[in-house]
**Q** 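Here you go, one structure.
Worth saying up front: this structure is predicted, and the values here are computed from it rather than measured.
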Amino acid sequence: MFDFPAVLDAFSSLFSMPMAWFLVPLGIFIGLIFGAIPGLSVPIAMAIFLPMTLYMDFLESILFLTAIFTGGGFGGSIPAILMNVPGTSAAIATCFDGYPMAKQGKHNRALGLALSASTLGTAFGYLMLFVILEPLSHVVLKLGPSELFLVAVVGLLLIGLMTEGRFWRAITAGSLGVLLALIGMSSAGTERGTFGSLYLLDGVDTNAAMIGLFAASELFLLVKSDYLVQDRESRSVSTREIISGFFAIGSNYRTLFRGSVLGAGLGVIPGLGSSIANLVSYSLTKRFSKDPDSFGKGNPDGVVAAESANSSSEGGSMVGLLALGIPSSAATAIMLSAFSMHNITGGPRFISDQKDVVYAIIAGNLIQAIILAVIGILFIRFIVYIVRVPLAFLLPPIVICTALGSYALTTSISGPVTLVVFSVLGVLMKRYGYSVVAMVIGLLLGLMMEGNLVRTWQLGGGSLSPIIERPISIAILVLIVLSLSGAFYSSWKRRQDRASSALTNEDPASRHG
């Protein structure tokens with residue numbers, strides 16, 4: 001049941017803090033900038049501005065940090081749509097249809113749709129948080145390492161299942177991603193895959209690898225072009241079209257709802273969040289579409305699916321922070337630092353004792369979604385002029401920014417080297433039909449899978465028995481088996497139908513010799 005007096009106290013607190021409503025737009029703008037620059041990220045922005053929160057009230061500090069989180073959620077889609085370079089790992093799937101739309105001269109509409117999906121996704125995530133925060137906090141506590149390991153396996157299998165006709169290639173790419181994620185020092189202090197290099201002791205930087213995998217091949221192709229959008233008449237900058245795209249979201253309401261539910265649900269699970277949610281949402285939307293072949297060629301549903309999921313996952317990720325005092329992502333880990341700086345501990349006691357503060361955080365973030373829509377339209381209006389810049393002037397700064405961003409992430413030459421190595425790997429994978437998306441998911445989930453598998457082994461006393469002893473684990477295993485069986489049956493049925501169709505269409509004379 002809702003505590004309505006606490007809700008009223010929450011709104012009273014929000015509107016008695018004028019400083020908060022100066023900090024929130026500032027935080028959104030910071031998030032937009034950091035999200036829109038490839039190689040930087042929302043956690044970096046939050047870490048840089050974390051010391052400022054020492055001089056704020058607790059509620060002001062959390063609203064400021066969540067505003068950076070909210071702005072960055074949309075900011076990453078801007079370079080994804082305009083340059084096919086995901087500004088953050090949460091914008092990977094936005095590239096798939098956002099960039100083809102931009103190449104067709106529909107960049108204004110694509111950015112408007114992305115902003116609308118981000119705004120409504122953020123609002124949905126926090127509304128869900130408001131409704132299920134208390135009951136869900138008890139459910140999340142029941143997820144042990146065996147369940148979290150199996151959830152990560154599901155993430156890898158899902159991408160393989162969504163890759164029509166290339167399941168094993170996708171699984172191979174995902175497995176390779178997991179192996180690359182395990183490079184460096186293990187938890188037991190053993191070196192793995194470093195070949196004696198000091199630069200690999202900290203492992204492979206996921207952000208640098210992701211930018212290399214996704215952006216490199218497109219940058220190589222762009223060298224042959226003069227502009228991002230070849231048709232001169234299509235290189236328009238229109239606020240009217242941006243706003244029209246923003247309100248066109250109504251025709252994609254099913255995709256919006258599905259993406260928002262998936263994002264909010266996956267955001268709750270530690271280690272998954274927006275980086276996985278946008279890919280899973282995109283894959284499922286393509287799977288259940290009546291026209292799956294149109295995805296990757298500029299289907300607006302692809303943009304909506306990705307952006308609604310990565311934004312709604314923000315609300316989901318706050319469940320662990322508020323209800324359990326456990327961060328489920330890098331961003332919420334930084335917020336947990338802000339909690340500690342103000343001598344506050346998240347968890348069930350925090351919810352029960354300070355409900356008005358919890359509701360104020362949720363309500364403040366719902367208002368942030370509205371502010372994002374306004375600031376986002378103004379921000380897009382200026383940054384979209386990038387389509388008018390000749391690529392001869394545009395590509396060098398992009399390459400420099402990505403290289404400097406990868407260096408900033410690692411503070412060593414290993415960042416740019418990782419970028420180059422994965423750029424070459426990305427080109428080769430696309431050339432031979434291996435799933436780049438599956439490899440990125442493997443990179444993102446590798447350490448989580450290893451950690452939870454080791455903990456499962458320890459809990460089982462040297463065996464993996466907890467996987468088949470815990471009810472939730474068994475349910476996930478059954479789901480995996482059913483999904484694989486259904487996928488293989490569908491694939492077999494399609495092959496049979498094609499063979500039957502080929503026999504039917506074959507010339508009778510040639511068939512009888």
Side-chain angles (χ1 to χ4, degrees), residues 14 20-37 40-43 45-46 49 60 62-82 87-88 90-91 94 98 108-130 239 242-250 252 256 259-260 263-264 267 273-274 277-278 303-304 306-318 331 335 360-384:
L14 279 177
W21 303 111
F22 166 76
L23 292 169
V24 165
L26 176 62
I28 288 174
F29 185 73
I30 291 169
L32 284 168
I33 294 292
F34 274 75
I37 298 175
L40 298 183
S41 66
V42 175
M46 294 171 72
F49 290 95
E60 289 176 346
I62 298 302
L63 289 177
F64 175 62
L65 291 173
T66 55
I68 295 175
F69 200 177
T70 300
F74 168 65
S77 70
I78 295 171
I81 291 170
L82 295 179
T88 65
T94 309
N108 296 295
R109 180 179 177 82
L111 287 165
L113 271 174
L115 177 60
S116 183
S118 291
T119 300
L120 294 173
T122 299
F124 181 90
Y126 279 99
L127 280 172
M128 188 207 76
L129 177 63
F130 176 73
T239 303
I242 293 169
I243 295 174
S244 173
F246 183 90
F247 288 107
I249 195 75
N252 309 92
L256 175 71
S260 297
S274 57
N278 76 113
V303 175
V304 174
E307 286 301 303
S308 58
N310 68 29
S311 295
S312 64
S313 67
E314 179 187 337
S317 68
M318 293 292 285
M335 286 186 212
I361 291 171
I362 295 171
N365 279 277
L366 289 171
I367 298 170
Q368 278 180 22
I370 300 170
I371 298 173
L372 172 64
V374 177
I375 295 177
I377 288 174
L378 297 174
F379 189 79
I380 293 170
R381 178 68 181 84
F382 293 101
I383 204 165
V384 81

**Q** Taking only residues two or more places apart in sequence, or in another chain, which ones meet Asn365 in a side-chain hydrogen bond (donor to acceptor under 3.5 Å, both in side chains)?
**A** Thr66, Tyr126
**Q** One pair to check against side chain to side chain contact (heavy atoms under 4.5 Å, CB included): Val304 and Glu307. What are the steps and the verdict?
**A** CA-CA 5 Å; Val304 174; Glu307 286 301 303; over 6 Å; no
**Q** Is it the case that Thr122 and Gln368 place a side-chain donor and acceptor less than 3.5 Å from each other?
**A** no
**Q** Test of understanding: with side-chain contact (heavy atoms from CB on, under 4.5 Å), list the residues that count as partners of Phe29, not counting sequence neighbours.
**A**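 Ile33, Phe379.
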**Q** State which residue, out of Thr119, Ile380, Ile28, fulfils the side-chain contact (heavy atoms from CB on, under 4.5 Å) condition with Phe74.
**A** Ile380
**Q** Counting distance only, does the side-chain N/O of Ser260 pair as donor-acceptor with the main-chain N or O of Phe124 below 3.5 Å?
**A**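 The answer is no, because no donor-acceptor pair under 3.5 Å joins these two groups.
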**Q** If you compare all heavy atoms of Gly259 against all heavy atoms of Ser312, which two are closest, and at what distance to 0.1 Å?
**A**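 Scanning both residues, the minimum pair turns out to be O-OG, 3.7 Å.
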**Q** Could you check whether any side-chain heavy atom of Ile361 comes within less than 4.5 Å of a side-chain heavy atom of Met318, counting everything from C-beta outward?
**A** yes
**Q** Decide yes or no for Trp21 and Ile367: does some side-chain heavy atom of the first lie under 4.5 Å from some side-chain heavy atom of the second?
**A**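 Yes, side chains in contact.
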**Q** Can you list the residues that meet the side-chain contact (heavy atoms from CB on, under 4.5 Å) rule with Leu120, with sequence neighbours excluded?
**A**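 Here the qualifying residues are Ser116, Ile249, Leu256.
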**Q** A side-chain contact here means heavy atoms from C-beta on lying under 4.5 Å apart; do Leu26 and Phe49 qualify?
**A**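 No - every pair of side-chain heavy atoms lies 4.5 Å or more apart.
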**Q** Considering all heavy atoms of both residues, which atom of Ala277 and which atom of Gly263 are nearest to each other, and what is their separation?
**A** CB-CA, 3.9 Å
**Q** On a heavy-atom basis, which atom in Leu111 and which in Ile81 lie closest, and how many Å separate them?
**A**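 Answer, listing the atom of Leu111 first, then Ile81: CD2-CD1, 3.8 Å.
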**Q** If you take all heavy atoms of Ser77 and Thr94, which pair is closest and at what distance?
**A**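 In this case the closest contact between Ser77 and Thr94 is CB-CG2, 3.9 Å.
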